[in-house]
Amino acid sequence: MKTIFAESVPGRSSGFFESTAPSAAQMLPAGLLRACPPCLPECSELDVVRHFTRLSHLNYSVDANFYPLGSCTMKYNPKFTEYAAGLPGFARLHPLLAQLGRGAAQAQGALRCLYETERLLCEITGMEAFTFQPMAGANGEFAGVSLMVAYHRAKGRKRSKMLIPDSAHGTNPASAALAGLEVVNIESREGMVAPEVLAASIAEYGDNIVGLMMTCPNTLGLMELHLPAIVAELRKIDALLYYDGANMNAILGKMRVGDVGFDVVHLNLHKTFATPHGGGGPGSGPVGVNGRLLPFLPVPRVAMGKDGGFFLDSNLPLSIGAIGPFYGSFSVVVKALAYMLRLGGEGLERVAEYAVLNANYLKKRLEDTLDIPFERPCAHEFVASAPEGLRALDIAKALLDRGFHAPTVYFPLIVRECLMAEPTETESKQTLDAYVDVLREIVEQGRKDPASLTAAPLSMPVRRLDETAAARRMALTEDM
Amino acid sequence: MPFIPHTPQELEEMLAIVGVRHLDDLFADIPPEMRPRRFRLPKGRSEAAVCAFFEELAARNGTNITSFLGAGFYAHDIPKAVDALAGRSEFYTAYTPYQAECSQGTLQAIFEFQTAVCRLLDMDCANASVYDGGTALFEAAMMAVRATRRQTLAVDEAVNPIWRKMLATYIAGLPITLKIVPQKNGISDLRALSDAPDKECAAIIVQNPNFFGAVADYSEVFAAARAKGALGIISVYPVMQAVLKTPGEMGADVAVAEGQSLGQPLNFGGPYLGLMACKKEHIRQFPGRIAGRATDLNGKTGYVLTLQAREQHIRRAKATSNICSNQALCALRTLICLCLLGHGGLGRQAERGMHLARLAVKRLTSLKGVEPLNAAPYGNETALRFPVPAERLVSALIDRGFAPGYPVGRHYSDMENVLLLACTETNTPEQIDALAEAMGGLL
């Protein structure tokens with residue numbers, strides 16, 4: 001499809017904004033102005049509407065396709081939450097208004113949204129407080145790691161090692177490194193963190209360890225069975241335990257991370273709490289802490305006064321500072337709150353139950369089609385290897401031809417030819433059955449005629465693209 | 001059950017296949033002692049009840065207030081077609097386009113977004129967005145630290161204090177020193193900024209217009225930085241960029257911006273997006289996702305995520321950034337907004353704001369004791385000095401239905417009486433008259 005720049009017609013305009021103001025040249029010295037206007041597309045409104053409507057047709061999406069992308073929790077995003085977040089009373093509110101004298105009175109509705117969401121997330125996780133500043137999961141990881149570092153610093157310690165399992169998302173080590181820490185890799189045993197492996201790291205690095213970042217259930221879709229022992233080991237050296245909330249969908253109402261010994265947690269509201277992924281964002285990565293880390297949270301925080309009114313409180317002397325400009329991805333938070341209020345406690349627990357049911361059902365039904373390395377019941381997702389002789393990539397592309405988005409492939413790195421599927425609770429038995437049938441058909445086809453799979457996809461807007469050549473050629477804009 | 005399709009019969013069939021009797025049996029790996037101590041959440045409510053709850057909360061926010069608040073975040077008219085198109089669920093319920101063949105819509109949109117950002121900022125390469133203007137500034141600073149292997153950042157004091165606070169928070173655990181170059185009465189000190197880079201300096205960081213609204217040409221500052229082997233980083237207000245001298249023309253290495261004013265409602269602080277663009281020679285240090293043009297097996301043009309070897313899912317601890325989710329949908333809104341405005345519409349928005357700001361300055365400085373903070377050229381925002389503390393003035397005016405601007409004394413010494421006032425096309429001359437009248441009674 002042509003780009004919108006190629007469709008541009010010199011002199012055409014949507015006419016959206018007309019005005020009779022003097023020209024910039026009449027208001028500013030010539031030396032401060034750009035030589036010529038930016039070459040943006042010149043289009044009518046219909047040109048633009050048609051272009052982007054046609055572009056949208058080239059996408060798979062949750063609303064049109066089963067999207068079992070492991071670790072991404074591509075569940076259905078209810079529409080009413082968009083309505084709530086889009087109300088003009090929220091959309092038009094300037095974030096600085098609440099920080100002005102008497103301004104908080106003009107933002108009581110918005111402040112209450114943040115306050116209520118914090119209370120609900122505390123109850124769900126067993127934590128004492130949340131900050132909404134982190135703007136996505138990885139941003140939450142960075143904030144959480146910074147809080148852990150601040151905790152040790154306040155105790156006069158300069159610790160520099162972060163323990164991270166080899167099954168972790170890539171963002172974990174990247175976030176720890178960004179905060180100035182060195183990453184110590186913890187090798188998985190039977191798909192889990194083993195107390196003896198952890199003990200060996202502790203023996204080696206001792207009280208230089210900031211903490212351990214865990215995903216639980218982990219990216220293999222397995223519960224970590226040695227959690228109590230892990231907590232005990234870490235407590236011996238006053239190291240902290242981080243919970244990567246990417247897989248929170250699996251434990252709603254079944255386990256609270258604060259109760260079992262985690263000190264800090266980030267949640268991905270755009271996963272567990274059903275806010276849309278938007279083709280890659282925006283997300284929202286609130287971070288919850290227990291009492292040990294609360295004094296270090298970013299400011300301002302939303303507080304409730306004696307009169308029941310809400311205000312912004314920046315009086316936290318040990319605060320790490322500001323992770324975001326204001327109060328995080330506010331309208332994403334509103335959507336998550338709407339979702340939680342709609343479902344209530346019972347509904348949220350049901351989410352975990354049916355998410356785990358769907359994953360186990362899919363896993364069971366695929367046992368004779370794919371190689372499944374762990375026989376234990378899985379949580380909300382499971383990993384499988386492509387059968388001997390077939391490649392995960394080819395299976396993924398063949399799925400696209402049949403109207404299904406592919407599962408996550410080649411992650412976690414420790415599983416051969418990995419296909420990691422997370423069906424989520426919102427998918428029906430019929431959809432899961434259809435997916436099983438299609439996967440069987442693909443594997444059978446691959447066994448008979450492997451070359452036919454490497455040709456897939458055939459029915460998408462493009463065939464397989466040459467990524468290596470693209471990286472070499474580096475055409476990153478219309479002008480390169 | 002809301003959002004769960006299973007019938008009781010299907011539930012039974014599925015449990016039987018899995019081999020358990022009850023749903024809770026699926027959680028046998030969580031022993032009783034690890035179950036929640038409590039889980040006291042409210043009961044679920046109907047969709048209508050939840051919507052009514054939010055309608056009531058939204059009505060408690062004073063969005064009818066007449067506002068001249070800016071400070072880096074601006075109310076603009078956004079074409080409704082932006083909502084309609086970005087609200088198409090093919091865009092907003094898709095994931096990151098890792099499977100390129102079924103994500104060409106998102107990928108081509110990112111490619112077009114990158115093109116629009118580069119043309120606006122006059123740079124070579126742009127990424128698919130970072131979280132906001134503050135994280136964009138931090139990521140740019142980290143590019144410079146890696147590229148130069150130096151550890152000092154010289155930052156103009158007239159860079160938005162909100163972003164400077166974020167920058168300080170983000171580098172707290174790193175061996176990096178921030179050297180603040182003082183502003184003079186709201187004007188960036190070009191001489192001091194040019195003198196700031198030494199052989200330890202990784203980058204010089206400035207903002208145009210600066211926090212006080214003053215517009216300048218930073219060409220000589222960037223030339224001085226280059227002479228010392230440091231990078232030039234500039235943060236800009238993208239609407240004003242339709243008319244102002246570009247980062248490219250000034251010789252900046254990296255340009256960043258808070259992209260909110262291009263298509264995002266104020267939304268009480270987010271989600272927004274950080275725009276980032278750089279010169280081609282810095283591409284290997286660039287953070288975040290980048291879309292590139294590619295060809296398929298049949299030679300047909302398509303788009304892919306490219307240069308992924310910089311990113312966390314490949315490089316883990318050695319990645320150029322930890323960013324994974326970005327602000328893709330906000331970037332799409334920005335692109336659509338730029339397409340609907342064109343350079344003409346964007347330029348007219350900039351000019352309308354500038355024109356109204358001049359009207360406001362004229363009207364307000366006719367009040368006794370009110371004067372411009374300085375004589376520097378300005379865009380759509382500028383600082384005024386009042387005969388009374390700005391905080392007090394603001395409080396009194398909020399009660400009268402005006403948010404007259406931002407009191408800068410909370411971030412800068414000797415500026416208790418200084419107010420930063422912004423105008424955009426959403427303001428009117430009548431609002432300015434009304435503000436002047438209300439202020440007059442308080443001075």
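Every chain is numbered from 1, with letters handed out A, B, ... down the list of sequences. All of these numbers come straight from a predicted model, not from anything done at the bench.
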Would you say [X] and [Y] make side-chain contact, with heavy atoms under 4.5 Å?
{"X": "A:F90", "Y": "B:F268", "answer": "no"}
{"X": "A:M223", "Y": "B:F27", "answer": "no"}
{"X": "A:M135", "Y": "B:Y272", "answer": "no"}

Side chain, backbone, both or neither: which part of [X] has a heavy atom under 4.5 Å from chain B?
{"X": "A:L227", "result": "side chain"}
{"X": "A:S284", "result": "neither"}
{"X": "A:L400", "result": "side chain"}
{"X": "A:L87", "result": "side chain"}
{"X": "A:H405", "result": "side chain"}
{"X": "A:A176", "result": "neither"}
{"X": "A:Y361", "result": "both"}
{"X": "A:F330", "result": "both"}

With respect to chain A, which residue among [options] yields the maximal number of heavy-atom pairs within a distance under 4.5 Å?
{"options": "B:R352, B:E13, B:Q108, B:Q114", "value": "B:Q108"}
{"options": "B:A100, B:S129, B:S321, B:G173", "value": "B:G173"}
{"options": "B:L11, B:L356, B:D83, B:L346", "value": "B:L11"}
{"options": "B:L332, B:L273, B:N298", "value": "B:N298"}
{"options": "B:E425, B:E391, B:R358", "value": "B:R358"}
{"options": "B:E47, B:K43, B:E56", "value": "B:E47"}

So which residue, [options], ends up with the most heavy-atom pairs under 4.5 Å with chain B?
{"options": "A:A379, A:A105, A:A338", "answer": "A:A338"}
{"options": "A:E349, A:K397, A:H57, A:R376", "answer": "A:K397"}
{"options": "A:L178, A:V183, A:V260", "answer": "A:L178"}
{"options": "A:A107, A:C43, A:P325", "answer": "A:P325"}
{"options": "A:M480, A:M340, A:E467, A:K75", "answer": "A:M480"}
{"options": "A:V62, A:V462, A:L348, A:N65", "answer": "A:V462"}

Do the side-chain N and O atoms of [X] and [Y] include a donor-acceptor pair separated by under 3.5 angstrom?
{"X": "A:S56", "Y": "A:N59", "value": "no"}
{"X": "A:E141", "Y": "A:S175", "value": "yes"}
{"X": "A:D466", "Y": "B:T295", "value": "no"}
{"X": "A:H51", "Y": "B:E112", "value": "yes"}
{"X": "A:E478", "Y": "A:T3", "value": "yes"}
{"X": "A:E427", "Y": "A:Y67", "value": "no"}

Taking the six-membered ring for Trp, are A:F142 and B:Y170 ring centroids under 6.0 Å apart?
->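 Distance test on ring centres: under 6.0 Å, yes.
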B:A59 portion near chain A, given a 4.5 angstrom heavy-atom threshold | neither
Can you tell which part of B:L85 gets under 4.5 Å to a heavy atom of chain A, answering side chain, backbone, both or neither?
->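 The answer is the side chain of B:L85.
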Report yes or no: is the cationic atom of A:R256 (NZ for Lys, CZ for Arg) under 6.0 Å from the centre of the six-membered ring of B:F39, at an angle within 45° of the ring normal?
-> no
Ion pair present between A:R34 and B:D122, side-chain N to carboxylate O less than 4.0 angstrom?
-> no
Heavy atoms from other residues, nucleotides or ligands near CZ of A:R92 exceed 12 (cutoff 6.0 Å) | no
